[in-house]
Number of protein chains: 2
Amino acid sequence: MATTPQSGPERTSAPAPDAVAVDVERVRADIAELAAYCEPDEPGSTRRVFRDAHRSGRVWLAARMAEAGLEVETDGAGNLIGSRKGRGAPGAVVTGSHTDTVRGGGRYDGILGVLGGLEAARALAAAGIGLDHDLQVVDFLGEEPNDWGLSCVGSRGVTGGLTRADLDRTDAQGRTLAQALTDFGRAPETAISGRWPSPHAFVELHIEQGPVLELADRVIGVVTGIVGVHRVLVEFSGRRDHAGTLPMDQRHDAACAAAELILAVESLAQGGGGVGTTGRVEVEPGAMNVVPDRARVWVELRSIDPGWVVERRDAALAAATEAASRRGVGLSVDVLCDEAPTPMDPQVRDAIDAAARAAGIEPLELASGAEHDTRQIARIGRSGMIFVPSLDGRSHCLEEWTDPAHIAAGVRVLAATLVRLDRLPPPTPGAAR
Amino acid sequence: MATTPQSGPERTSAPAPDAVAVDVERVRADIAELAAYCEPDEPGSTRRVFRDAHRSGRVWLAARMAEAGLEVETDGAGNLIGSRKGRGAPGAVVTGSHTDTVRGGGRYDGILGVLGGLEAARALAAAGIGLDHDLQVVDFLGEEPNDWGLSCVGSRGVTGGLTRADLDRTDAQGRTLAQALTDFGRAPETAISGRWPSPHAFVELHIEQGPVLELADRVIGVVTGIVGVHRVLVEFSGRRDHAGTLPMDQRHDAACAAAELILAVESLAQGGGGVGTTGRVEVEPGAMNVVPDRARVWVELRSIDPGWVVERRDAALAAATEAASRRGVGLSVDVLCDEAPTPMDPQVRDAIDAAARAAGIEPLELASGAEHDTRQIARIGRSGMIFVPSLDGRSHCLEEWTDPAHIAAGVRVLAATLVRLDRLPPPTPGAAR
């Protein structure tokens, strides 16, 4: 697809979008202030959805949005939205991300997209750049996987991706998601029915959470798409025996079968094109002196190429089947997630690319290996993502860090992209996925 | 060592020991009655040490011992002992095992040795065979690994193998072993100080808990020794990364290193001579979407040959070190247990062998891969073990089963062995390990 800079004439003679002055110190101060709203007994800057730190962080954010002259509201699905009226063109230009974190998470994942969006709105206003469309800066509710095994609660909610069955999910204490939403001040009914109108365009600024930009020495990434994710639980059922008395050649050891699968997944995923992980492994009964009869391996495969995922999934299951059969061990397979890749909209990609180049930055195209609210919003409108580097590729940990110069570049490109998106012709009806 | 039948003249002209009539139906009924004392909310015939079922099972057992004319007492370390006076020769002829079980255990492990010992005492009395030495039938306290991570509490207690540090161990609720002993009616002080005098000889009847006798189509096993046990915790420390964003070639995945070790241990232990098991495996943080940074593998090696264990241990650690180094993953190694093999006493082995042959049974010599109270008692006196087959080699599970004909043979050989042990000359002082 085309990624050359837009070189046509601008539609208006207003200040050039690429000249917007971003105050990186203000963004850094905002990030530091929000980081103070964290769970006191948890590591890092933990701010899990629905918890006190998350609530109070949002009160702070709403006030900060209001200070910036934005009109603040929370929609039916619990997304916090700061809006500035445009000149009446239909559909909003929307940017945003999330302020909730994983347990032990960092200060940038999601947060940069919300506070960077706020800064972009402030910078555009300061530069006197008004938009044809309403501008919205969104803090999506609960993007990270939560106690109910669900992610992207808010962005699913406003795009038809949240179901009644999701509301009925319970956490470890038996509390339903519906109850958690109610306690958070949202009516569960509106959380699943309150669809957004199709935006004019959507863009999310986010840290890469991987090492690709850093290794390529690039500052801005234009996301080509969000990878497809296949998750499968493979369970081996062997035979429980006394580890001291059963000779090796008579065992049906589930842990050994699991070990073969772990190494098979790692091996199959080599060579680029995707990643394969066995991040969760359980062995039962888990006693030193017992040959284990049960082992569970959660296999995750991700690629922007659906064919890659299918091929590796089939090969991993073939390896598991072969190992189980050779060992006289039972095998069961439970597909937990099979999400297709989500390509980013070409017009949004072009807008980001052009904004970067106009700022003198050569962007890099790359796929997003991580999940984002953008996957959900792409269902209802043209969407794209801007990545900035993560130091050493780290994320979801205390070491998460992005250089202030990269933050400045990201927010600047975001602001310029918003102006370019504002100037796009209306979307073709029905073009959203 | 010698294993030919004793063919010399018997020391007395009393009834031939090999003619003792054992009532297998009485043993089976006892086994069934004791099995009724089990934990109602646990699987199988669970009777864990110190719990109500264990206590009340012992009350039943004490009554059953008394009915058999045995004098019943509980020693300082909590071992329940039924005694019959002999003709005054020094040191007792002792047999016994344990009535506690693992969670989800069966009806034979340990129990057969206690109830079979009781039946042997009854059968000897019925046959009018008095012994020169006192005869003792013992239910050792807490042979199975317990909530304090300790096994063989009672047999360690009376042989100097229980320490003050052991008493200070706490279970998951913070209760010390000392407190548990106190609640069980034993003074912790006496549990560690109440040493037994050296017995004249000791023999334990036990199910094999493995498939060797069954596969060889043999009914009686003469145990050559109890294997040495080496247990080591190997911990890999990798790097926690986002499983969607970190390319395969940049990972430091602790679970993959662990998988290599699991398969290395299995492979190294092939070919006989010993067994190697990785029964406990833990992976952290255990999330599908996180490259795991921590994995723990508990490696257990057992062999009757100390050289086998050392060789395999070194090879397993070399494999772990190589995998960790290649993967840029940290490695730590914690030796948890390093117990040398315990050879059985040649005179006791000979007595069992002779008793079996006199009963028309060709015994099989084999090592015990499992831990037994006999390991502890062997510290203070000549000791040996009789094995009977386990159906399909199963133990520590509901499927644990020994054929009634094999029970009958085992108890009969036990009774005859006790008589032969009674007739052994006094042990050489200081010969015990």
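Worth knowing before you read on, the calculation uses all heavy atoms, side chains too, and leaves out hydrogens, waters and symmetry mates. Predicted model, so just to flag it, every value in this text is computed and none were measured.
Nearest heavy atoms, L263(A) versus A259(B): CG-CB, 3.7 Å. For the pair D241(B) and G393(A), the tightest heavy-atom approach, listed with the atom from each and the gap, is OD1-O, 4.2 Å. Nearest heavy-atom pair, I262(A) versus A255(B), reported as atom, atom and distance to 0.1 Å: CG2-O, 4.0 Å.
Heavy-atom distances place both the backbone and the side chain of D392(A) under 4.5 Å from chain B. When heavy atoms are compared at a cutoff of 4.5 Å, E260(A) approaches chain B by way of both its backbone and its side chain. For E282(B), no part lies under 4.5 angstrom from a heavy atom of chain A. Residue contact with chain A, scored on non-hydrogen atoms closer than 4.5 Å, is absent for D293(B). In this structure, chain A has heavy atoms under 4.5 Å from both the backbone and the side chain of E266(B). Contact of Q209(B) with chain A is made through backbone and side chain together, with heavy-atom distances under 4.5 Å. Residue contact with chain A, scored on non-hydrogen atoms closer than 4.5 Å, involves the side chain of R251(B) exclusively. Of the two parts of L336(B), only the side chain, counted from C-beta on, holds a non-hydrogen atom closer than 4.5 Å to a non-hydrogen atom of chain A. In this structure, the portions of A269(B) lying under 4.5 Å from any heavy atom of chain A include both its backbone and its side chain. Only the side chain of L215(B) comes within contact range of chain A, with heavy atoms under 4.5 Å apart.
At least one donor-acceptor pair under 3.5 Å links the side chain of R394(A) to the backbone N or O of R240(B).
Comparing A287(B), G210(B), A295(B), C337(B) by how many heavy-atom pairs each has under 4.5 Å with chain A, the most go to A287(B). Among V290(A), V291(A), N289(A), the residue with the largest count of heavy-atom pairs under 4.5 Å with chain B is N289(A). Contacts with chain B were tallied for E284(A), E371(A), Q250(A), E399(A); Q250(A) has the most, counting heavy-atom pairs under 4.5 Å. Ranked by heavy-atom pairs shorter than 4.5 Å toward chain B, the options P285(A), P211(A), P247(A), C397(A) are led by P211(A). Of all the listed residues (S395(A), A243(A), P145(A)), the one sharing the greatest number of non-hydrogen pairs under 4.5 Å with chain B is A243(A). In terms of non-hydrogen atom pairs under 4.5 Å with chain B, the most contact-rich of L301(A), L233(A), V283(A) is V283(A). The residue among P292(A), A258(A), A370(A), G104(A) with the most heavy atom pairs within less than 4.5 Å of chain B is A370(A).
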Practice task
For M288(B) and V299(A), run side chain to side chain contact (heavy atoms under 4.5 Å, CB included): C-alpha distance rounded to whole Å, both residues' side-chain angles, the deciding distance at 0.1 Å, then the answer.
Solution key: CA-CA 7 Å; M288(B) 281 185 281; V299(A) 177; over 6 Å; no

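With rounding to the nearest 0.5 angstrom, the NE2 atom of H242(A) is 11.0 Å from the CD atom of E208(B). To the nearest 0.5 Å, atom OG1 of residue T245(A) and atom CZ of residue F387(B) are 8.5 Å apart.
Residues of residues 270-280 of chain A lying under 4.5 angstrom from chain B, judged on non-hydrogen atoms, are Q270(A), G274(A), V275(A), G276(A), T277(A), T278(A), G279(A), R280(A) in numerical order.
The 12-atom threshold is not exceeded at CG of D217(A), counting heavy atoms of other residues, nucleotides or ligands nearer than 6.0 Å.
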